Amino acid sequence: QVQLVESGGGSVQAGGSLRLSCAASGRTFSMYVMGWFRQALGKEREFVAAIGWSGSNTDYEDSVEGRFTISRDNAKNTVYLQMNSLKPEDTAVYYCAAARRLRLVTVDTGYDYWGQGTQVTVSS
């Protein structure tokens, strides 16, 4: 069982930055693929970014590539999402997720555990 707790959300103007953190419980954090998803009001949840066990493999949704960076610190059981050059269309609830998989996962059905979400609001 893995418990995930996100933090770092908030309100920012367009062009600004935020860093989301996701703290995980458990002793096997390093064996989970970690992902970030988001869900805007009235829309389906969508993939944002994923990172492999060691942190060397990453994948991004096209609209965030070059602006967002996913990273992890296995010693701290934490995964991060650095979000730069934020746009109003990035406004959503952001969720952290963990998958006991060997390869990166970009669909929400591939993840086993989810956090409660943190709100990110970007104003124009």
Side-chain angles (χ1 to χ4, degrees):
Q1 188 78 9
V2 175
Q3 292 185 330
L4 304 172
V5 179
E6 302 99 333
S7 61
S11 298
V12 64
Q13 289 191 328
S17 298
L18 284 173
R19 188 175 83 153
L20 305 182
S21 298
C22 173
S25 65
R27 294 175 292 178
T28 59
F29 174 77
S30 62
M31 297 176 70
Y32 284 85
V33 167
M34 300 300 296
W36 286 97
F37 288 75
R38 65 186 179 185
Q39 187 168 21
L41 194 63
K43 296 187 177 181
E44 292 187 352
R45 186 163 55 190
E46 66 173 359
F47 169 74
V48 175
I51 188 166
W53 293 7
S54 68
S56 59
N57 293 337
T58 58
D59 195 5
Y60 296 93
E61 193 270 331
D62 288 347
S63 70
V64 308
E65 185 142 26
R67 299 189 297 123
F68 291 10
T69 302
I70 188 170
S71 62
R72 67 190 297 163
D73 185 337
N74 288 339
K76 295 183 178 180
N77 279 16
T78 302
V79 62
Y80 304 97
L81 186 68
Q82 177 67 44
M83 305 185 294
N84 298 329
S85 302
L86 282 161
K87 304 175 181 180
E89 51 264 43
D90 295 318
T91 296
V93 177
Y94 283 71
Y95 297 91
C96 171
R100 191 70 181 262
R101 304 286 185 272
L102 295 177
R103 297 182 178 181
L104 295 184
V105 184
T106 61
V107 294
D108 57 0
T109 53
Y111 284 81
D112 305 301
Y113 302 101
W114 292 84
Q116 82 289 348
T118 186
Q119 176 70 46
V120 171
T121 302
V122 184
S123 58
S124 58

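If you're wondering where the values come from, they're calculated on a predicted model, not measured in any experiment.
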Hey, mind stepping through Tyr94 and Glu6 against side-chain contact (heavy atoms from CB on, under 4.5 Å) and telling me if it holds? CA-CA 8 Å; Tyr94 283 71; Glu6 302 99 333; over 6 Å; no
Polar side-chain atom of Trp53 near backbone of Met31 as donor-acceptor pair, under 3.5 Å: yes
Neighbour count >12 (heavy atoms, 6.0 Å) for atom CD, Gln3: no
Indicate yes or no: at least one non-hydrogen side-chain atom of Phe68 is less than 4.5 angstrom from one of Asp90. yes
Evaluate Cys96 against Trp36 for side-chain contact (heavy atoms from CB on, under 4.5 Å), listing each step before the verdict. CA-CA 5 Å; Cys96 171; Trp36 286 97; 3.9 Å; yes
Looking at every non-hydrogen atom in both residues, tell me the closest pair between Tyr95 and Gly115 and how far apart they are. CD2-O, 3.7 Å
Across all chains, not counting sequence neighbours, the ring-ring contact (aromatic ring centres under 6.0 Å, His included) partners of Phe47 are Phe37
Residue pair Met83 / Arg67, side-chain heavy-atom distance below 4.5 Å: no
Determine yes or no for a side-chain-to-main-chain donor-acceptor pair under 3.5 angstrom, with Arg103 supplying the side chain and Val33 the backbone. no
Please name the pair of heavy atoms, one in Val64 and one in Val48, separated by the smallest distance, quoted to 0.1 Å. CG2-O, 3.6 Å
Counterpart residues, salt bridge (charged side-chain N to carboxylate O under 4.0 Å, His left out), relative to Arg101 (two or more places apart): Asp112
For Thr91, does its backbone N or O pair with a side-chain atom of Thr121 as donor and acceptor, under 3.5 Å? no
Report, as yes or no, whether the 6.0 Å neighbourhood of atom CZ on Arg100 holds more than 12 heavy atoms from other residues, nucleotides or ligands. yes
Drop me the distance from Leu81's CG to Leu18's CG, to the nearest 0.5 angstrom. 9.5 Å
Between Arg72 and Phe29, is there a donor-acceptor pair closer than 3.5 Å when you use the side chain of the first and the backbone of the second? yes
Which residues share a ring-ring contact (aromatic ring centres under 6.0 Å, His included) with Tyr32, sequence neighbours left out: none
What's the spacing between Thr69 OG1 and Asn84 CG if we round to 0.5 Å? 6.5 Å
Taking Ser56 for the side chain and Ser54 for the main chain, is one N or O donor matched with an acceptor at less than 3.5 Å? no
Heavy atoms, side chains only, cut-off 4.5 Å: are Asp73 and Tyr80 in contact? yes
Locate the shortest heavy-atom distance separating Ile51 from Leu104; write the atom from each residue and the value. C-CD2, 3.4 Å
Pair Leu86, Gln13 - check side-chain contact (heavy atoms from CB on, under 4.5 Å), show working. CA-CA 8 Å; Leu86 282 161; Gln13 289 191 328; over 6 Å; no
What are the two closest heavy atoms between Asn77 and Ser25, and how far apart are they? ND2-C, 4.3 Å
